[in-house]
Amino acid sequence: MKITDAKVFVGGPGKNYVTLKIQTDQGIYGLGDATLNNRETLPACYLEEYLIPNLVGKDPRNSEDIWQFFYRGAYFRKGPVAMAAFGAIDMALWDIKAKLANMPLYQLFGGKSRDGAMLYSHAAGSDLEHLMDSIGAQIEQGYKAVRVQCGVPGMPAASYGVPEGSGDNRHFITDFSGIKPKLEIWDADCYMRFMPDALMQVRERFGAELKLLHDVHHRLRPRESAEFARQVEPARLFWLEDPTPADDQNALRLLRSHSTAPIAIGEVFNSVWDCKQLIEEELIDFIRVAVTYAGGITHVKRIVDLADLHHVRTGFHGAPSHSPISMAAQAHLNVWAPNFGIQEYLVLGSPECDALFPSKHRVEQGLMYVSNEPGLGVDFDEREAQRYRYQPGSHPVVRLQDGTLWNY
Ligand code: GCO
Ligand code: MG
């Protein structure tokens with residue numbers, strides 16, 4: 001069996017999905033997602049100019065060797081651009097393999113450990129009142145776990161995860177008005193004075209059962225993050241995400257020695273080497289990598305297995321930049337993984353998105369059920385894809401009140 005051709009498409013409804021389609025000489029094709037939010041053309045170029053010419057002619061069943069060929073063969077290893085490109089190839093090869101076996105992908109991992117995998121959605125408000133309404137709306141839709149982000153008094157309204165104005169805008173991350181970023185302001189003092197009590201009010205309003213998550217988005221210094229993690233303990237969070245940047249991983253020891261709040265980190269990681277210390281020292285409870293920019297199924301499965309040895313559960317990234325292809329790959333891992341924790345999920349299902357990526361995966365009462373079709377169980381309509389073009393966009397940048405540049 002041989003790979004005969006591969007093509008990359010960039011675009012989608014309100015998104016720049018990077019979709020890879022690998023064709024074989026047996027008529028079976030595989031699909032992969034290389035969407036690196038706001039840098040989409042880079043993995044697309046890496047695929048087209050460097051990887052696809054080396055892919056054609058290879059036996060698609062040797063997905064491990066192909067992964068090693070690109071990773072070890074590149075000499076300059078890792079990085080989100082390369083790992084997103086390898087990830088898309090890897091997803092597509094697993095798709096082909098499962099189609100050849102005539103099985104849904106999860107069967108190749110070892111079958112199902114559960115039927116429905118728990119999802120969390122997002123709630124956000126410019127103030128506590130709007131946040132409460134937004135949480136209520138998510139619960140009404142059946143979600144048992146909700147990530148909550150709230151505007152902070154004293155800080156300009158637009159900060160991470162919080163809509164401008166009072167609306168419920170959960171697609172805030174990318175600004176498509178151009179390549180120049182918008183500005184957000186961060187003030188740790190205002191945040192730390194307000195947020196622990198706000199989370200406690202949410203807990204009191206919605207009761208003990210609701211699983212509450214909160215994302216600090218890398219904004220606190222290590223000492224602040226330790227204090228904050230201790231302060232939020234009474235709210236009994238399901239997780240506290242990215243309390244401090246994980247570049248200096250030793251810094252997490254300080255937080256760990258002051259708080260038992262469950263910690264989730266890893267959405268910006270792209271290799272097992274980024275995860276290793278946090279997992280082995282048991283400095284986190286959930287690993288947040290995504291199949292999209294952590295090297296696909298082959299590499300993420302290795303991370304999941306390492307995590308399992310250290311009581312770390314999965315909580316894969318699922319921001320709206322992931323296409324239904326990588327979300328499907330994660331859904332298959334989620335029903336299999338013995339150490340599954342939760343999956344981030346933001347409804348992608350517009351009619352345009354469903355037309356571009358037809359699938360029978362379904363969400364019911366906050367749980368995701370994978371379809372039993374062979375492969376990833378998602379298709380890609382190339383004719384629909386012709387409707388879309390790449391649209392430049394950017395993440396905001398963050399400054400402190402005095403103008404100092406800070407972590408987005
Ligand atoms: C999350 C993430 C995202 C990121 C986004 C960047 O927890 O979902 O923090 O919101 O900001 O993926 O592109
Ligand atoms: Mg996050």
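Side chains are part of it too, since the values below use all heavy atoms of this structure and drop only hydrogens, waters and symmetry mates. Every number for a ligand or one of its atoms is a count from 1 in the order of the listing.
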Using a strict 4.0 Å threshold on nitrogen-to-oxygen distance, state whether [X] and [Y] make a salt bridge.
X: E224; Y: R221; result: yes
X: D90; Y: K97; result: no
X: E382; Y: R387; result: no
X: D215; Y: R147; result: yes
X: R399; Y: E184; result: no
X: D5; Y: K7; result: yes

Q. Of all residues at least two apart in sequence or in a different chain, which pass the ring-ring contact (aromatic ring centres under 6.0 Å, His included) check with F380?
A.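 Listed in chain order: F9, F357.
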Got more than 12 heavy atoms from elsewhere within 6.0 Å of [atom1], [X]?
X: Y50; atom1: OH; value: no
X: K58; atom1: NZ; value: yes
X: R236; atom1: CZ; value: no

Considering distance alone, does some N or O of [X] sit under 3.5 Å from an N or O of ligand 1?
X: Y120; answer: no
X: Y408; answer: no
X: H122; answer: no

Looking at [X], which atoms of ligand 1 are within less than 4.0 Å of one of its heavy atoms?
X: N37; answer: 13 (O)
X: D215; answer: 1 (C), 7 (O), 9 (O)
X: A319; answer: 8 (O), 12 (O)
X: H395; answer: 6 (C), 13 (O)
X: Y160; answer: 1 (C), 2 (C), 3 (C), 7 (O), 9 (O), 10 (O), 11 (O)
X: R147; answer: 1 (C), 7 (O), 8 (O)

Q) Has K211 got its NZ or CZ under 6.0 Å from the middle of the six-membered ring of F238, at an angle within 45 degrees of the ring axis? A)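 No; the conditions do not both hold, so K211 does not lie above the ring face of F238.
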Q) Counting no waters, what protein N/O/S atoms lie under 2.8 Å from the Mg ion (ligand 2)? A)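 Short answer, with waters excluded from the count: D215 OD2, E241 OE2, E267 OE1.
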Q: Pick, from H317, E267, H322, H217, the option with the minimum heavy-atom distance to atom 12 (O) of ligand 1.
A: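 Nearest heavy atom to atom 12 (O) of ligand 1 lies in H317.
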Q: Measure from atom 8 (O) of ligand 1 to every heavy atom in E344, R39, Q149, H218 and give the option owning the shortest one.
A: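 Closest candidate by heavy-atom distance is E344.
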